[in-house]
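Have a look at the structure below before the remarks.
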Amino acid sequence: MQAWRVHRNGEPGEVMRREEVDRPAPGDGQLLLEVRAANINFPDALLCRGHYQVRPPLPFTPGVEVCGLTEDGRRVIATPALPHGGLAEYVVADEAAVLPAPEALDDAEAAALHIGYQTGWFGLHRRAGLKEGETLLVHAAAGGVGSAAVQLGKAAGATVIGVVGGAEKAAVARGLGCDVVIDRRTDDIVAAVKEATGGRGADVVYDPVGGDAYAKSAKCVAFEGRIVVVGFASGDIPSPALNHALVKNYSIVGLHWGLYNQRDPGAIRHCHDTLTAYAAKGLIKPLISERVPFQDAAAAVQRVADGTTTGRLVVVPEGAGK
């Protein structure tokens, strides 16, 4: 079968190579899946660079999220078992973690549902306790992770403020349903949030960026607000001033979604059932900006690494369906 493999760590566009390899063999408790679509996530870039919390042995295939077919023809979504990642024609996945693909979503959309929307749901509801009528501030609102949080925030009845970089991404954020859009390149984020909230600030901040985005968030979070730390796409891990959190009475909460697979897998399934119901009602729909041919996978991972994309890039193997 065809697969993209990494033999040394570095930038995705430089170290990913398309190769002919043996089809992976499922072990005990695993399933073989034919890949119908593989969603590209920022962790795929970190895997290539050797900067992710999981470091599979070299050589490995990136791709942490797929929609695929089981050998008995069921359409499912899964996180492949590394080192055999999703940028390949076939993967293996732990059967216990394989979930049915929502009928309301096509293959590419289903491939982009699991990690981003699960992260958003757990971050907004389990960690931040977002309530109807509250104001949610989402950084990188036009990106893959941010766009999911925007849709989930609207589904929860929140007023959503999206922060983006550039006019093109601002248009995307408005199309997603953001009530207010802030262009960090031209607008003062703190002033704009305070103006939009009558001086109160944001009740919940969803931050997959870190760095300066976090610093601005701490200046415009509301009384008893919650800042959800999801990741550090900027590459800059902030050091929060805890005295500031004390004086302003806000919370800083972390979210490592992968831990729920280990500690509370039942919560993962409950979340998936909720997301499936949302998709059926049209409340959420992954924003697929491009369905990428398999031969262009390395360039697509590099684009995600560079932060130049909106929504999701999904790789579709040759001969796959939607």
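If you read the sequence from its start, that first residue is 1, and numbering goes on from there.
The backbone N or O of T308 sits nowhere less than 3.5 Å from a side-chain atom of D306 that would complete a donor-acceptor pair. At distances below 3.5 Å, at least one donor-acceptor pair connects side-chain atoms of Q118 with backbone N or O atoms of I268. Counting only distance, with no hydrogens or angles, the side chain of D296 and the backbone of A299 share no donor-acceptor pair below 3.5 Å. Looking at H7, its side chain never comes within 3.5 Å of a backbone N or O of F60 through a donor-acceptor pair. Between the side chain of S217 and the backbone N or O of V205, no donor-acceptor pair lies under 3.5 Å. Of the possible polar contacts, one joining the R226 side chain to the E224 backbone as a donor-acceptor pair under 3.5 Å is found. Looking only at distances, a side-chain donor or acceptor of D106 sits under 3.5 Å from a matching main-chain atom of E109. In terms of modelled atom types and a separation under 3.5 Å, the side chain of D183 and the main chain of R185 share a donor-acceptor contact. S147 places no side-chain N or O within 3.5 Å of a backbone atom of G311 that could act as its donor or acceptor partner. Side-chain atoms of Q30 never come within 3.5 Å of backbone atoms of A93 as a donor-acceptor pair (strictly under, hydrogens ignored).
The nearest pair of heavy atoms linking G146 to V138 is O-CG1, 3.6 Å. For the residue pair V316 and R36, the shortest heavy atom distance occurs at CG1-O, 3.8 Å. Taking each heavy atom of Y250 and A218 in turn, the nearest pair found is OH-CB, 3.7 Å. The shortest heavy-atom contact between V66 and G86 is CG1-CA, 3.5 Å. Across L113 and P102, no two heavy atoms sit closer than the pair CD2-CG, 3.6 Å. Of all heavy-atom pairs spanning M1 and A88, the tightest one is CE-CB, 3.9 Å.
None of Q302, E14, M16 except one satisfies the side chain to side chain contact (heavy atoms under 4.5 Å, CB included) rule with C48; the exception is M16.
Note: H114 and W257 meet the aromatic proximity criterion, with ring centroids under 6.0 Å apart.
For the atom pair CG of L87 and CZ of R5, the computed distance is 13.5 Å after rounding to the nearest 0.5 Å. Between L33 atom CG and E95 atom CD the span is 10.0 Å, to the nearest 0.5 Å. Rounding to the nearest 0.5 angstrom, the gap separating the OH atom in Y206 from the CG atom in L124 is 6.0 Å. Atom CZ of R291 and atom CG of D107 lie 9.0 Å apart (nearest 0.5 Å). Taken to the nearest 0.5 Å, the OG atom of S289 stands 9.5 Å off from the CZ atom of R312. Here CG of N39 is found 7.5 Å from CD1 of I115. Values are rounded to the nearest 0.5 Å.
Under the 3.5 Å distance criterion, with hydrogens and angles disregarded, no donor-acceptor pair is assigned to the side chains of E19 and Q2. Side chains of Q295 and R18: no donor on one and acceptor on the other come within 3.5 Å. Side-chain contact of S234 with D236: a donor-acceptor pair under 3.5 Å is absent, judged by distance alone. At a cut-off of 3.5 Å, with distance as the only test, a side-chain donor of Q151 or Y117 sits close to an acceptor on the other residue.
Salt bridge absent: K216 and D188 never bring a charged side-chain N and a carboxylate O closer than 4.0 Å. Using a cut-off of 4.0 Å between Lys/Arg side-chain N and Asp/Glu carboxylate O, D203 and K131 are scored as not salt-bridged.
Atom CD of Q53 has more than 12 heavy atoms from other residues, nucleotides or ligands within 6.0 Å. No more than 12 heavy atoms of other residues, nucleotides or ligands sit less than 6.0 Å from atom CG of D28. Other residues, nucleotides and ligands place no more than 12 heavy atoms under 6.0 Å from the CD atom of E195.
Ring pair Y260/F122 is tilted by interplanar angle, where 30° to 60° counts as tilted.
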Might you work through the ring-ring contact (aromatic ring centres under 6.0 Å, His included) test for H270 and W121, ending with a clear yes or no? CA-CA 11 Å; H270 169 71; W121 191 89; 5.8 Å; yes

Kindly indicate, with the supporting measurements, whether the criterion side-chain contact (heavy atoms from CB on, under 4.5 Å) is fulfilled by V304 and D44. CA-CA 9 Å; V304 171; D44 293 319; over 6 Å; no

Run the side-chain donor-acceptor check on residues 152-159: report pairs under 3.5 Å with partners two or more places apart or on a different chain.
from, atom 1, to, atom 2, distance (Å)
K154, NZ, D179, OD1, 3.1
K154, NZ, D179, OD2, 2.9

